[in-house]
Engineer: 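I am attaching a structure below and will ask some questions about it afterwards.
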Amino acid sequence: MWEKQYESMDRNDLEQLQLERLQATLNRAYRSVRFYKALFDEAGIIPEEIKTMEDLAHIPFTRKTALRDNYPYGMFAVPLREVVRIHSSSGTSGKPTVVGYTKNDLAHWSNLVARILVSAGVTSEDVIQIAFGYGLFTGGFGLHYGAERLGASVIPVSSGNTEKQVMIMKDYKTTVLVCTPSYALYIAEVLEQMGIHPNELSLKIGCFGAETWSESIRGKIEEILYIKARDNYGLSEIIGPGVAGECQYKCGMHINEDHFIPEIINPETGERLPIGEKGELVLSTLTKEALPMIRYRTGDITRLTEEPCQCGRTLMRMDRVTGRTDDMLIIRGVNVFPSQIEHVLLEEEGAEPHYQLIVDREGALDILEVRLEVCDKIFYDEVKLQQEFQKRVQKKISSVLGIKVKLTLIEPKSLERTAGKSKRVIDKREK
Ligand code: DLL
């Protein structure tokens, strides 16, 4: 463990620490951020009166719109001269959200990312290739400073230029690859095209995050790159990467609870759900100086678990994120999560881990087309084989979702590949 004294803390002591830090955060936010002063005053919340985790549930949520409405610096709790780094996330609509860090925030951030790398099995002996974008996105710089803090050898290659990535990976003897899971799949394809066998590489571990992925994708990446693939989670508004990461037991990601309080709520009613139930993750920061966030609605759907982990960390874990509240498609009145479709597709032999969902409207009717890349054998060999596959899988998806779906099989490598977060859903309906 990187910070054993915190990562394996006694639960009672941890809760005590959380409450003390929460108190400080609430006071700071109330005093220094106009948005929080108005929010608390309106809800009749007095920071000093929040004394237990139950009390926390009375505080109203903070949503992404708060950051947009107070663009660019209105949510900062410190004067700009104390902010030493600025990142931002572009989002899909409206103004970007801007996030800032003080010197102390950056020191914490590096430590938290170092924790995540260590829990994934990375050591100071490793050579880490950071293939996340460097820039306003928090992935590149976040992982970079965490890896340096750990004392590993860092290759700041950034994302894109995939053939060069492969050359560097081979020649510089990279042992750890850091990027999105979809970029890892793409790198694996290019490796194959370049005629390089994974045996010729020194790669051992992949630390992947920043987008949803499934166990089947993990299986594929591990199989083609000959590595152990580990998940890590985070979001810019809270800090970036460094919120939670998997250990070698792969039973969920340990949340750095001494810095963030997780809650799970019912996304429709906002009611707090008991630990173990699936719902939307809400996070509060405990140590952030520049940008404290209180009960921030992440939009990410997951489940928490407190059961002890064999690794000795006492930090609570969150399951793999299965989707976002805003990814949910409503098709002919039925709620559809892309992850449900991915689950069916990737169980099929011959299906490649590349697909796209296209939602459109014909007259008053919503239609969902699933475009799936299949292996050469299914695509080129026998028409009969292809038709059988198409019919069987189409039927299976339709029965899982409860609506009729059109499945189109497409040639291997025909969908656009990405060096960052993949975009799997195209919704052509008028909003
Ligand atoms: O993606 C931070 C990050 C960088 C995390 C590198 C891990 C590694 P944003 O661009 O603000 O920040 O996007 C945050 O990405 O709310 C989730 O929906 C999604 N996300 C992040 N990590 C995971 C993950 C970074 N491991 C949004 N699994 C979050 C699923 C993830 N979704």
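We count ligands from 1, going down the list as the structure has it; atoms in each ligand are counted the same way.
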Engineer: Is Asn232 close to ligand 1, meaning an N/O of one under 3.5 Å from an N/O of the other?
Structural biologist: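 For ligand 1, there is an N or O atom that lies under 3.5 Å from one belonging to Asn232.
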Engineer: Between Glu211 and ligand 1, is there a nitrogen or oxygen pair with a distance under 3.5 Å?
Structural biologist: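 It does: an N or O of Glu211 is found under 3.5 Å from an N or O of ligand 1.
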Engineer: Given Pro241, which of Phe141, Trp109, Phe132 fulfils the side-chain contact (heavy atoms from CB on, under 4.5 Å) condition?
Structural biologist: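 Between Pro241 and the candidates, side-chain contact (heavy atoms from CB on, under 4.5 Å) is satisfied uniquely by Trp109.
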Engineer: Taking atom CD as the centre, does Glu42 end up with more than 12 heavy-atom neighbours from other residues, nucleotides or ligands that are less than 6.0 angstrom away?
Structural biologist: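 No, not enclosed.
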Engineer: With side-chain contact (heavy atoms from CB on, under 4.5 Å) as the criterion, how do Gln23 and Arg21 come out once you've worked through the C-alpha distance, each side chain's angles and the decisive distance to 0.1 Å?
Structural biologist: CA-CA 5 Å; Gln23 263 297 324; Arg21 289 182 165 178; over 6 Å; no
Engineer: For the pair Lys421 and Glu211, find out whether any cationic side-chain nitrogen is under 4.0 Å from an anionic carboxylate oxygen.
Structural biologist: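 Result for this pair is no, no salt bridge flagged.
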Engineer: Pick one of side chain, backbone, both or neither for how Asp231 approaches ligand 1, counting any non-hydrogen atom pair under 4.0 Å.
Structural biologist: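 Side chain only.
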Engineer: Among all protein heavy atoms in this structure, tell me which lies nearest to atom 11 (O) of ligand 1, with the distance rounded to 0.1 Å.
Structural biologist: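 I find the closest protein heavy atom is Ser236 OG, 2.4 Å.
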Engineer: Using a 4.0 Å cutoff against the non-hydrogen atoms of Gly139, which atoms of ligand 1 qualify?
Structural biologist: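 Answer, ordered by atom number: 4 (C), 6 (C).
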Engineer: Report the part of Phe132 (side chain from C-beta onward, or backbone N, CA, C, O) that has a heavy atom under 4.0 Å from ligand 1; answer both or neither where that applies.
Structural biologist: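 Contact part for Phe132 vs ligand 1: side chain (C-beta onward).
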Engineer: Polar-atom distance check: Ala210 versus ligand 1, any N or O pair below 3.5 Å?
Structural biologist: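 Checking ligand 1 against Ala210, an N or O pair does fall under 3.5 Å apart.
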Engineer: Quick one: sort the Phe40 and Tyr30 rings into parallel, tilted or perpendicular, breaks at 30° and 60°.
Structural biologist: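 Plane angle under 30°, so parallel.
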Engineer: Does ligand 1 have any atom that is closer than 4.0 Å to a heavy atom of Lys421?
Structural biologist: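 Judged by the 4.0 Å heavy-atom criterion, Lys421 does count as contacting ligand 1.
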Engineer: Any idea which atoms of ligand 1 are less than 4.0 Å away from a heavy-atom of Thr138?
Structural biologist: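 By the 4.0 Å cutoff, the relevant atoms are 2 (C), 12 (O).
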Engineer: So if I count the atoms of ligand 1 from 1 in the order they appear, which ones are less than 4.0 Å from some heavy atom of Arg324?
Structural biologist: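 In order of numbering, the contacting atoms are 16 (O), 18 (O).
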Engineer: Please check if any side-chain donor atom of Glu373 sits under 3.5 Å from a side-chain acceptor atom of Tyr355, or the reverse.
Structural biologist: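 Per modelled atom types, Glu373 and Tyr355 side chains form no pair under 3.5 Å.
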Engineer: Could you identify the single nearest non-hydrogen protein atom to atom 25 (C) of ligand 1 and state the distance to 0.1 Å?
Structural biologist: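 Answer, as residue, atom name and distance: Gly234 O, 3.6 Å.
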Engineer: Is it the case that more than 12 heavy atoms not belonging to Tyr172 sit under 6.0 Å from its OH atom?
Structural biologist: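 Count not over threshold, so no.
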Engineer: Please identify which atoms of ligand 1 are closer than 4.0 Å to at least one heavy atom of Asp300.
Structural biologist: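 So the atoms of ligand 1 that pass are 16 (O), 17 (C), 18 (O), 29 (C).
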Engineer: Can you confirm whether Tyr36 sits close enough to Met293 that some side-chain heavy atom of one is under 4.5 Å from a side-chain heavy atom of the other?
Structural biologist: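 They are in contact (side-chain heavy atoms under 4.5 Å apart), so the answer is yes.
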